[in-house]
Amino acid sequence: MYVLTVDQRNSTHEPDRVPELLAQLADVPAAVPFERSVGDELQGVLASPEEVVDAALRCLRGGGWYVGIGIGTVELPLPATPREGRGSAFVAARAAVERAKKTGDRAPLAVEGPAGAAEAEGVLALIGRFVMNRSEAEWRILDLLEPHQRGSQSAVARALDISPQAVSKAVFRAAWIEEWAARPAAHVLLHLADQVEDGDTR
């Protein structure tokens, strides 16, 4: 299982943005839905690596968040809220979010867990750099695109009444194609780490 612990940056000098981020994560399928855990922090329990990648990148897109991903066990039955959760994934997520606060100029994201976690972190940090550097004008275009769908760029150009060349340039600058090519690598690495327990594959 996966636990995401997300902490607001500069929370003592910024307005409370937890409700805003919770709204952005509301439609991410979760084993235990995201909610405020303490202060300007929120947590959620996720069952699939695809959900983890989606949620983590949404957090990085908004900016102003430290993202910690913990991989490990979550005691069953699943808790009603993340605050009631126990297990190694919660411990790992806490360590991850604290380490995310020390990543310097890199994407403020860390992954803690069994073998494969470090490699997953590397891929997610790379994708996160793309996501964090996009402008609002680029997102206006990218939000309308369908990944891996031929003809999607032309449809967006018509919808926004801009040239196909403008869409193509935005896609290139934003590394949109590279992001969606790299996401499966992050999925695989997160999945492999989730299958490892005490150095053995279950």
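Values reported hereafter were calculated over all heavy atoms of this structure, with side chains retained and with hydrogens, waters and symmetry mates removed.
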Has I177 got more than 12 heavy atoms of other residues, nucleotides or ligands less than 6.0 Å from its CD1?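 For I177, atom CD1 is not crowded (no more than 12 foreign heavy atoms under 6.0 Å).
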
Counting neighbours of NE2 on H191 that are heavy atoms of other residues, nucleotides or ligands and sit closer than 6.0 Å, is the number greater than 12?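 It does not: H191 NE2 has 12 such atoms or fewer within range.
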
Report yes or no: does [X] contribute a side-chain atom to a donor-acceptor pair with the main-chain N or O of [Y] at less than 3.5 Å?
{"X": "Q8", "Y": "P15", "value": "yes"}
{"X": "R94", "Y": "G68", "value": "no"}
{"X": "R106", "Y": "L109", "value": "yes"}
{"X": "D54", "Y": "E50", "value": "no"}
{"X": "R99", "Y": "V111", "value": "yes"}
{"X": "T73", "Y": "G87", "value": "no"}
{"X": "E41", "Y": "V38", "value": "no"}
{"X": "D194", "Y": "M1", "value": "yes"}

Closest contact, heavy atoms only, [X] versus [Y]:
{"X": "R17", "Y": "W65", "value": "O-CZ2, 3.5 Å"}
{"X": "G113", "Y": "A117", "value": "N-CB, 3.7 Å"}
{"X": "A193", "Y": "P114", "value": "O-CG, 3.4 Å"}
{"X": "P82", "Y": "P33", "value": "CG-O, 3.5 Å"}
{"X": "A96", "Y": "A110", "value": "O-CB, 3.3 Å"}

Contact check, side chains of [X] and [Y], non-hydrogen atoms, under 4.5 Å:
{"X": "L57", "Y": "F130", "value": "no"}
{"X": "L78", "Y": "L76", "value": "yes"}
{"X": "V123", "Y": "E119", "value": "no"}
{"X": "L142", "Y": "V156", "value": "no"}
{"X": "K101", "Y": "E98", "value": "yes"}
{"X": "V67", "Y": "P108", "value": "no"}
{"X": "Y2", "Y": "E51", "value": "no"}
{"X": "F34", "Y": "L46", "value": "yes"}

Full working for salt bridge (charged side-chain N to carboxylate O under 4.0 Å, His left out) between K169 and E138: CA-CA 9 Å; K169 287 180 180 179; E138 288 167 347; over 6 Å; no

Side-chain ion pair, [X] and [Y], N-O less than 4.0 Å:
{"X": "D27", "Y": "R58", "result": "yes"}
{"X": "R134", "Y": "E179", "result": "yes"}
{"X": "R9", "Y": "D40", "result": "no"}

In terms of hydrophobic clustering (I, L, V, M, F, W, Y; side-chain heavy atoms under 4.5 Å; direct or indirect links), are [X] and [Y] co-clustered?
{"X": "V196", "Y": "L190", "value": "no"}
{"X": "V32", "Y": "V97", "value": "no"}
{"X": "V74", "Y": "V28", "value": "no"}
{"X": "F172", "Y": "V131", "value": "no"}
{"X": "L60", "Y": "L189", "value": "yes"}

For the pair I162 and I141, evaluate side-chain contact (heavy atoms from CB on, under 4.5 Å) and give the outcome as yes or no after the intermediate values. CA-CA 10 Å; I162 59 178; I141 292 171; 3.9 Å; yes

If you measure from [atom1] on [X] to [atom2] on [Y], what distance do you get to the nearest 0.5 Å?
{"X": "E35", "Y": "L25", "atom1": "CD", "atom2": "CG", "answer": "12.5 Å"}
{"X": "I71", "Y": "Q195", "atom1": "CD1", "atom2": "CD", "answer": "10.5 Å"}
{"X": "Q43", "Y": "D7", "atom1": "CD", "atom2": "CG", "answer": "10.5 Å"}
{"X": "T103", "Y": "E121", "atom1": "OG1", "atom2": "CD", "answer": "8.5 Å"}
{"X": "E112", "Y": "I69", "atom1": "CD", "atom2": "CD1", "answer": "11.0 Å"}
{"X": "F90", "Y": "T5", "atom1": "CZ", "atom2": "OG1", "answer": "8.0 Å"}

Passes salt bridge (charged side-chain N to carboxylate O under 4.0 Å, His left out), E136 versus R140? Steps please. CA-CA 6 Å; E136 287 301 318; R140 180 168 168 260; over 6 Å; no

